[in-house]
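Below is one structure, written out as C-alpha coordinates; the observations come after it.
The residues of the chain are indexed from 1 along the displayed sequence.
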Amino acid sequence: MAPGSSLLVCSTMCKQRARAAPKGKAQGCAVPGIVLLLLTYLAYLALGTGVFWMLESPAAKDSSAKFQRDKWALLRNFTCLDSSALDSLIRGIVHAYQSGDIVLGNTTSMGRWEIMGSFFFSVSTITTIGYGNLSPHTMAARLFCIFFALVGIPLNLVVLNHLGHLMVQGVHRCARRLGGTWQDTAKARWLAGSCALLSGLLIFLLLPPLLFSYMEGWSYVEGFYFAFITLSTVGFGDYVIGMDPSRRYPLWYKNTVSLWILFGMAWLALIIKLILSLMETPGRSCSCCHHSCKGDSKPQGWRQGPDEEAEPHCPQPGCYRERPVETAQHPEPSTQVSCCGKHS
(Lines give C-alpha, C1' and ligand atoms only; values in the text may rest on other atoms or scores of the structure.)
Protein backbone atom coordinates (compact mmCIF):
# COMPACT_ATOMS: atom_id res chain seq x y z
CA MET A 1 0.00 0.00 0.00
CA ALA A 2 1.31 3.46 -0.92
CA PRO A 3 2.11 5.93 1.89
CA GLY A 4 -0.69 8.28 0.75
CA SER A 5 -3.25 5.48 0.79
CA SER A 6 -2.19 4.35 4.26
CA LEU A 7 -2.64 7.88 5.56
CA LEU A 8 -6.11 8.07 4.04
CA VAL A 9 -7.10 4.73 5.58
CA CYS A 10 -5.76 5.80 8.99
CA SER A 11 -7.63 9.11 8.91
CA THR A 12 -10.87 7.42 7.83
CA MET A 13 -10.69 4.76 10.54
CA CYS A 14 -9.98 7.31 13.25
CA LYS A 15 -12.93 9.47 12.12
CA GLN A 16 -15.24 6.46 12.12
CA ARG A 17 -14.16 5.55 15.66
CA ALA A 18 -14.79 9.13 16.77
CA ARG A 19 -18.32 9.16 15.29
CA ALA A 20 -19.18 5.78 16.85
CA ALA A 21 -17.91 6.72 20.33
CA PRO A 22 -20.29 8.55 22.70
CA LYS A 23 -19.54 12.14 23.53
CA GLY A 24 -17.35 12.76 26.59
CA LYS A 25 -15.85 9.27 26.60
CA ALA A 26 -12.33 8.29 25.65
CA GLN A 27 -11.75 5.90 22.81
CA GLY A 28 -11.69 2.18 23.53
CA CYS A 29 -8.04 1.50 22.67
CA ALA A 30 -6.85 3.43 25.73
CA VAL A 31 -8.93 1.43 28.24
CA PRO A 32 -7.03 -1.88 28.10
CA GLY A 33 -3.77 0.01 28.57
CA ILE A 34 -5.07 1.69 31.73
CA VAL A 35 -6.35 -1.60 33.12
CA LEU A 36 -3.01 -3.29 32.39
CA LEU A 37 -1.15 -0.38 34.01
CA LEU A 38 -3.30 -0.61 37.16
CA LEU A 39 -2.82 -4.38 37.35
CA THR A 40 0.93 -3.96 36.96
CA TYR A 41 0.91 -1.26 39.65
CA LEU A 42 -1.01 -3.48 42.08
CA ALA A 43 1.21 -6.46 41.30
CA TYR A 44 4.31 -4.36 41.99
CA LEU A 45 2.86 -3.23 45.32
CA ALA A 46 2.03 -6.84 46.15
CA LEU A 47 5.61 -7.84 45.32
CA GLY A 48 7.02 -5.13 47.61
CA THR A 49 4.61 -6.09 50.38
CA GLY A 50 5.60 -9.74 50.24
CA VAL A 51 9.35 -9.09 50.11
CA PHE A 52 9.31 -6.57 52.97
CA TRP A 53 7.12 -8.85 55.06
CA MET A 54 9.43 -11.83 54.53
CA LEU A 55 12.62 -9.87 55.23
CA GLU A 56 11.57 -7.56 58.04
CA SER A 57 8.94 -9.49 59.99
CA PRO A 58 11.35 -12.01 61.60
CA ALA A 59 13.80 -9.24 62.55
CA ALA A 60 11.00 -7.14 64.08
CA LYS A 61 9.79 -10.10 66.17
CA ASP A 62 13.32 -10.83 67.38
CA SER A 63 13.86 -7.18 68.31
CA SER A 64 10.59 -7.04 70.22
CA ALA A 65 11.36 -10.26 72.07
CA LYS A 66 14.86 -9.00 72.97
CA PHE A 67 13.42 -5.76 74.32
CA GLN A 68 10.96 -7.65 76.50
CA ARG A 69 13.73 -9.94 77.83
CA ASP A 70 15.94 -6.96 78.68
CA LYS A 71 13.04 -5.20 80.36
CA TRP A 72 12.15 -8.14 82.61
CA ALA A 73 15.82 -8.80 83.38
CA LEU A 74 16.11 -5.21 84.58
CA LEU A 75 13.03 -5.59 86.75
CA ARG A 76 14.39 -8.80 88.28
CA ASN A 77 17.76 -7.24 89.04
CA PHE A 78 16.28 -4.05 90.47
CA THR A 79 13.27 -5.13 92.49
CA CYS A 80 12.59 -1.57 93.63
CA LEU A 81 11.51 -0.70 90.08
CA ASP A 82 7.88 -1.01 89.18
CA SER A 83 6.78 -2.19 85.72
CA SER A 84 4.49 0.80 85.13
CA ALA A 85 7.17 3.22 86.33
CA LEU A 86 9.69 1.67 83.94
CA ASP A 87 7.24 1.94 81.06
CA SER A 88 6.71 5.60 81.90
CA LEU A 89 10.47 6.16 81.92
CA ILE A 90 10.81 4.47 78.53
CA ARG A 91 8.05 6.64 77.07
CA GLY A 92 9.83 9.70 78.41
CA ILE A 93 13.10 8.62 76.80
CA VAL A 94 11.38 8.06 73.45
CA HIS A 95 9.70 11.47 73.65
CA ALA A 96 13.03 13.10 74.55
CA TYR A 97 14.66 11.47 71.55
CA GLN A 98 11.91 12.65 69.22
CA SER A 99 12.22 16.19 70.61
CA GLY A 100 15.99 16.21 70.24
CA ASP A 101 16.70 16.27 73.99
CA ILE A 102 18.77 13.12 74.36
CA VAL A 103 20.44 12.45 77.69
CA LEU A 104 23.63 10.46 77.00
CA GLY A 105 26.60 11.14 79.21
CA ASN A 106 27.09 14.89 79.46
CA THR A 107 25.06 15.59 76.33
CA THR A 108 21.58 16.94 77.07
CA SER A 109 20.71 18.42 73.71
CA MET A 110 21.93 18.10 70.14
CA GLY A 111 21.03 21.66 69.18
CA ARG A 112 18.52 20.56 66.57
CA TRP A 113 16.78 23.93 66.64
CA GLU A 114 19.93 26.02 66.50
CA ILE A 115 20.75 27.93 63.30
CA MET A 116 22.17 24.96 61.39
CA GLY A 117 19.53 22.55 62.63
CA SER A 118 16.72 24.94 61.69
CA PHE A 119 18.27 25.47 58.27
CA PHE A 120 18.44 21.74 57.60
CA PHE A 121 14.84 21.34 58.77
CA SER A 122 13.80 24.09 56.33
CA VAL A 123 15.60 22.26 53.50
CA SER A 124 13.96 18.95 54.35
CA THR A 125 10.56 20.68 54.46
CA ILE A 126 10.50 22.44 51.09
CA THR A 127 12.19 19.49 49.35
CA THR A 128 9.38 17.26 50.75
CA ILE A 129 11.95 14.80 52.16
CA GLY A 130 10.44 15.02 55.64
CA TYR A 131 12.73 12.70 57.60
CA GLY A 132 10.32 12.69 60.54
CA ASN A 133 13.07 12.86 63.17
CA LEU A 134 12.29 16.52 63.87
CA SER A 135 9.03 18.42 63.85
CA PRO A 136 7.79 21.71 65.36
CA HIS A 137 6.04 21.46 68.71
CA THR A 138 4.74 25.00 69.25
CA MET A 139 1.46 25.91 67.55
CA ALA A 140 2.95 29.09 66.08
CA ALA A 141 5.78 27.09 64.46
CA ARG A 142 3.33 24.54 63.09
CA LEU A 143 1.17 27.24 61.49
CA PHE A 144 4.24 28.93 60.04
CA CYS A 145 5.42 25.55 58.70
CA ILE A 146 2.16 25.21 56.74
CA PHE A 147 2.55 28.54 54.94
CA PHE A 148 6.30 28.08 54.59
CA ALA A 149 5.80 24.75 52.82
CA LEU A 150 2.89 26.08 50.76
CA VAL A 151 5.15 28.64 49.09
CA GLY A 152 8.45 26.81 49.46
CA ILE A 153 7.49 23.56 47.73
CA PRO A 154 6.49 25.23 44.41
CA LEU A 155 9.59 27.43 44.68
CA ASN A 156 11.74 24.34 45.15
CA LEU A 157 10.14 22.70 42.09
CA VAL A 158 10.89 25.80 39.99
CA VAL A 159 14.53 25.79 41.14
CA LEU A 160 14.87 22.06 40.42
CA ASN A 161 13.33 22.56 36.98
CA HIS A 162 15.81 25.31 36.13
CA LEU A 163 18.76 23.31 37.46
CA GLY A 164 17.68 20.30 35.41
CA HIS A 165 17.32 22.52 32.34
CA LEU A 166 20.86 23.86 32.84
CA MET A 167 22.18 20.31 33.16
CA VAL A 168 20.46 19.27 29.93
CA GLN A 169 21.79 22.36 28.16
CA GLY A 170 25.31 21.49 29.29
CA VAL A 171 24.97 17.98 27.90
CA HIS A 172 23.67 19.37 24.59
CA ARG A 173 26.60 21.80 24.32
CA CYS A 174 29.06 18.98 24.88
CA ALA A 175 27.26 16.86 22.30
CA ARG A 176 27.38 19.69 19.72
CA ARG A 177 31.09 20.29 20.27
CA LEU A 178 31.90 16.61 20.04
CA GLY A 179 29.69 16.28 16.97
CA GLY A 180 31.49 19.13 15.27
CA THR A 181 34.85 17.55 16.04
CA TRP A 182 34.00 13.97 15.09
CA GLN A 183 31.44 14.71 12.36
CA ASP A 184 29.25 12.07 13.98
CA THR A 185 26.22 13.56 15.76
CA ALA A 186 24.70 10.30 16.97
CA LYS A 187 27.94 9.06 18.51
CA ALA A 188 28.61 12.44 20.13
CA ARG A 189 25.11 12.55 21.61
CA TRP A 190 25.46 9.04 22.99
CA LEU A 191 28.87 9.79 24.51
CA ALA A 192 27.74 13.07 26.09
CA GLY A 193 24.67 11.43 27.61
CA SER A 194 26.70 8.51 28.96
CA CYS A 195 29.28 10.84 30.50
CA ALA A 196 26.53 12.93 32.12
CA LEU A 197 24.90 9.82 33.56
CA LEU A 198 28.15 8.38 34.90
CA SER A 199 29.41 11.68 36.31
CA GLY A 200 26.09 12.31 38.05
CA LEU A 201 26.11 8.79 39.43
CA LEU A 202 29.62 9.35 40.75
CA ILE A 203 29.04 12.82 42.24
CA PHE A 204 25.60 12.32 43.74
CA LEU A 205 25.40 8.63 44.66
CA LEU A 206 28.84 6.97 44.78
CA LEU A 207 31.12 9.58 46.40
CA PRO A 208 28.79 11.03 49.12
CA PRO A 209 28.60 7.71 51.04
CA LEU A 210 32.35 8.03 51.64
CA LEU A 211 31.75 11.38 53.36
CA PHE A 212 28.86 9.97 55.38
CA SER A 213 30.97 6.98 56.41
CA TYR A 214 33.70 9.32 57.68
CA MET A 215 31.42 11.83 59.42
CA GLU A 216 28.71 9.50 60.74
CA GLY A 217 30.52 6.20 61.19
CA TRP A 218 28.16 4.41 58.81
CA SER A 219 29.15 1.66 56.43
CA TYR A 220 29.35 2.45 52.73
CA VAL A 221 26.10 0.59 52.03
CA GLU A 222 24.32 2.55 54.76
CA GLY A 223 25.63 5.81 53.30
CA PHE A 224 24.54 4.82 49.80
CA TYR A 225 21.10 3.85 51.13
CA PHE A 226 20.78 7.24 52.87
CA ALA A 227 21.88 9.06 49.71
CA PHE A 228 19.26 7.46 47.48
CA ILE A 229 16.44 7.65 50.05
CA THR A 230 17.21 11.35 50.50
CA LEU A 231 17.52 12.35 46.84
CA SER A 232 14.39 10.42 45.93
CA THR A 233 12.57 12.41 48.68
CA VAL A 234 11.37 9.18 50.30
CA GLY A 235 13.00 10.22 53.57
CA PHE A 236 12.28 7.36 55.98
CA GLY A 237 14.23 9.06 58.76
CA ASP A 238 16.02 5.90 59.92
CA TYR A 239 19.31 7.48 58.83
CA VAL A 240 19.76 11.24 59.25
CA ILE A 241 23.00 13.18 59.29
CA GLY A 242 24.19 15.05 62.35
CA MET A 243 22.24 12.94 64.86
CA ASP A 244 25.03 11.22 66.78
CA PRO A 245 25.49 13.08 70.11
CA SER A 246 28.92 11.54 70.59
CA ARG A 247 30.30 13.20 67.45
CA ARG A 248 31.24 16.79 66.70
CA TYR A 249 30.13 18.05 63.30
CA PRO A 250 31.78 21.02 61.54
CA LEU A 251 29.64 23.94 60.41
CA TRP A 252 30.24 23.28 56.70
CA TYR A 253 28.89 19.74 56.92
CA LYS A 254 25.15 20.38 56.81
CA ASN A 255 25.59 23.27 54.36
CA THR A 256 27.44 21.00 51.96
CA VAL A 257 24.84 18.26 52.36
CA SER A 258 22.05 20.79 51.67
CA LEU A 259 23.68 21.82 48.38
CA TRP A 260 24.19 18.15 47.53
CA ILE A 261 20.50 17.53 48.14
CA LEU A 262 19.45 20.39 45.86
CA PHE A 263 21.61 19.48 42.87
CA GLY A 264 21.25 15.74 43.45
CA MET A 265 17.46 15.96 43.41
CA ALA A 266 17.61 17.82 40.08
CA TRP A 267 19.88 15.13 38.60
CA LEU A 268 17.84 12.23 39.94
CA ALA A 269 14.64 13.87 38.69
CA LEU A 270 16.09 13.81 35.16
CA ILE A 271 16.95 10.12 35.54
CA ILE A 272 13.46 9.31 36.87
CA LYS A 273 11.94 11.33 34.02
CA LEU A 274 13.95 9.27 31.52
CA ILE A 275 12.80 6.01 33.13
CA LEU A 276 9.23 7.33 33.16
CA SER A 277 9.35 8.12 29.44
CA LEU A 278 10.68 4.63 28.71
CA MET A 279 7.88 3.06 30.77
CA GLU A 280 5.12 5.19 29.24
CA THR A 281 6.16 4.87 25.58
CA PRO A 282 4.92 1.29 24.93
CA GLY A 283 1.47 2.00 26.35
CA ARG A 284 0.83 5.09 24.26
CA SER A 285 0.70 3.38 20.88
CA CYS A 286 -2.71 2.62 19.38
CA SER A 287 -3.31 -0.61 17.54
CA CYS A 288 -5.88 0.85 15.10
CA CYS A 289 -3.33 3.24 13.66
CA HIS A 290 -0.30 1.02 14.06
CA HIS A 291 -1.71 -1.86 12.00
CA SER A 292 -3.19 0.32 9.27
CA CYS A 293 -0.03 2.35 8.71
CA LYS A 294 2.67 -0.30 8.39
CA GLY A 295 3.58 0.90 4.95
CA ASP A 296 4.75 4.29 6.18
CA SER A 297 7.89 4.09 8.25
CA LYS A 298 8.83 7.78 8.49
CA PRO A 299 9.42 8.88 12.09
CA GLN A 300 7.57 12.20 11.80
CA GLY A 301 4.22 12.48 13.52
CA TRP A 302 2.90 15.27 11.21
CA ARG A 303 3.90 16.36 7.75
CA GLN A 304 2.72 18.80 5.09
CA GLY A 305 0.74 17.59 2.14
CA PRO A 306 0.84 18.99 -1.41
CA ASP A 307 -1.59 21.79 -0.51
CA GLU A 308 0.46 22.70 2.60
CA GLU A 309 -2.24 21.23 4.81
CA ALA A 310 -1.28 19.19 7.87
CA GLU A 311 -1.93 15.51 7.37
CA PRO A 312 -2.05 13.11 10.29
CA HIS A 313 0.61 10.46 10.33
CA CYS A 314 0.14 7.44 12.49
CA PRO A 315 2.87 7.27 15.11
CA GLN A 316 5.46 4.60 15.34
CA PRO A 317 6.00 3.01 18.76
CA GLY A 318 7.39 5.70 21.03
CA CYS A 319 6.38 8.59 18.74
CA TYR A 320 2.93 10.05 19.29
CA ARG A 321 1.03 13.28 18.90
CA GLU A 322 -2.30 14.48 20.18
CA ARG A 323 -3.18 17.28 17.78
CA PRO A 324 -6.71 17.42 16.37
CA VAL A 325 -7.29 16.31 12.81
CA GLU A 326 -8.30 19.28 10.66
CA THR A 327 -9.28 19.06 6.98
CA ALA A 328 -10.22 22.02 4.86
CA GLN A 329 -12.52 20.03 2.56
CA HIS A 330 -14.57 18.36 5.33
CA PRO A 331 -14.53 20.50 8.48
CA GLU A 332 -15.85 18.60 11.47
CA PRO A 333 -15.46 20.84 14.53
CA SER A 334 -17.52 18.56 16.76
CA THR A 335 -15.41 15.47 16.09
CA GLN A 336 -11.71 16.25 16.35
CA VAL A 337 -9.58 13.31 17.28
CA SER A 338 -5.93 12.48 17.12
CA CYS A 339 -4.58 9.45 15.40
CA CYS A 340 -4.70 7.54 18.63
CA GLY A 341 -8.43 8.05 18.84
CA LYS A 342 -8.57 10.46 21.80
CA HIS A 343 -11.61 12.68 21.91
CA SER A 344 -10.74 16.36 22.41
Side-chain angles (χ1 to χ4, degrees), residues 37-110 112 117 120-121 124-125 127-137 142 205-206 208-247 249 257 261 268 272 275:
L37 179 62
L38 289 176
L39 291 176
T40 304
Y41 182 73
L42 293 176
Y44 196 75
L45 288 177
L47 173 64
T49 302
V51 171
F52 290 135
W53 175 71
M54 291 176 59
L55 295 178
E56 290 295 326
S57 180
K61 291 178 180 178
D62 293 342
S63 177
S64 178
K66 182 179 182 301
F67 174 77
Q68 292 297 331
R69 289 195 302 268
D70 293 343
K71 174 184 173 182
W72 289 110
L74 181 64
L75 290 173
R76 284 194 302 267
N77 293 331
F78 298 91
T79 56
C80 59
L81 284 177
D82 182 60
S83 178
S84 59
L86 181 59
D87 290 340
S88 177
L89 177 62
I90 293 173
R91 284 194 294 268
I93 294 174
V94 172
H95 178 73
Y97 173 78
Q98 292 175 347
S99 302
D101 302 323
I102 303 177
V103 182
L104 291 176
N106 296 326
T107 303
T108 57
S109 178
M110 297 181 60
R112 293 187 181 184
F120 194 71
F121 172 77
S124 65
T125 299
T127 54
T128 69
I129 296 175
Y131 290 110
N133 66 309
L134 187 62
S135 59
H137 291 280
R142 289 171 178 172
L205 284 180
L206 297 181
L210 297 177
L211 175 63
F212 301 143
S213 298
Y214 175 75
M215 299 299 299
E216 304 290 343
W218 300 339
S219 66
Y220 183 84
V221 176
E222 290 173 329
F224 183 83
Y225 167 79
F226 167 78
F228 182 81
I229 293 300
T230 296
L231 296 185
S232 61
T233 71
V234 176
F236 290 124
D238 49 352
Y239 287 90
V240 184
I241 64 166
M243 298 303 298
D244 190 347
S246 63
R247 293 178 176 269
Y249 299 100
V257 172
I261 289 175
L268 190 60
I272 293 177
I275 297 174

Is there side-chain contact between R142 and S135, with heavy atoms separated by less than 4.5 Å? no
Below 4.5 Å, heavy atoms only, C-beta onward: do F120 and I261 meet side chain to side chain? yes
When rounded to the nearest 0.5 Å, the distance separating CD1 of I129 from CG of L231 is 7.5 Å
Within a 6.0 Å radius of atom OH on Y220, are there more than 12 heavy atoms belonging to other residues, nucleotides or ligands? yes
Taking C-beta and beyond as the side chain, do L206 and F224 meet within less than 4.5 Å on heavy atoms? yes
Can you confirm whether I241 sits close enough to W218 that some side-chain heavy atom of one is under 4.5 Å from a side-chain heavy atom of the other? yes
How long is the gap from CZ on R247 to CE on M215, to the nearest 0.5 Å? 8.0 Å
Can D70 and K66 be said to form a salt bridge (Lys or Arg N to Asp or Glu O under 4.0 Å), step by step? CA-CA 6 Å; D70 293 343; K66 182 179 182 301; 3.1 Å; yes
Assess whether atom CD of Q68 is packed by more than 12 heavy atoms of other residues, nucleotides or ligands within 6.0 Å. yes
Under 3.5 Å, is there a donor-acceptor pair between the T230 and Y239 side chains? no
Between S213 (side chain only) and P209 (backbone N and O only), is there a donor and an acceptor less than 3.5 Å apart? yes
Heavy-atom nearest pair, L268 first then S232, reads CD2-N, 3.6 Å
Is any side-chain heavy atom of I90 less than 4.5 Å from a side-chain heavy atom of F67? yes
Looking at side-chain heavy atoms only, is the closest gap between V257 and F212 below 4.5 Å? yes
4.5 Å side-chain heavy-atom contact, M243 and Y249: no
If I compare all heavy atoms of V240 with all of E216, which pair ends up nearest, and what's the gap? O-OE1, 4.5 Å
Between T125 (side chain) and F121 (backbone), is there a donor-acceptor pair under 3.5 Å? yes
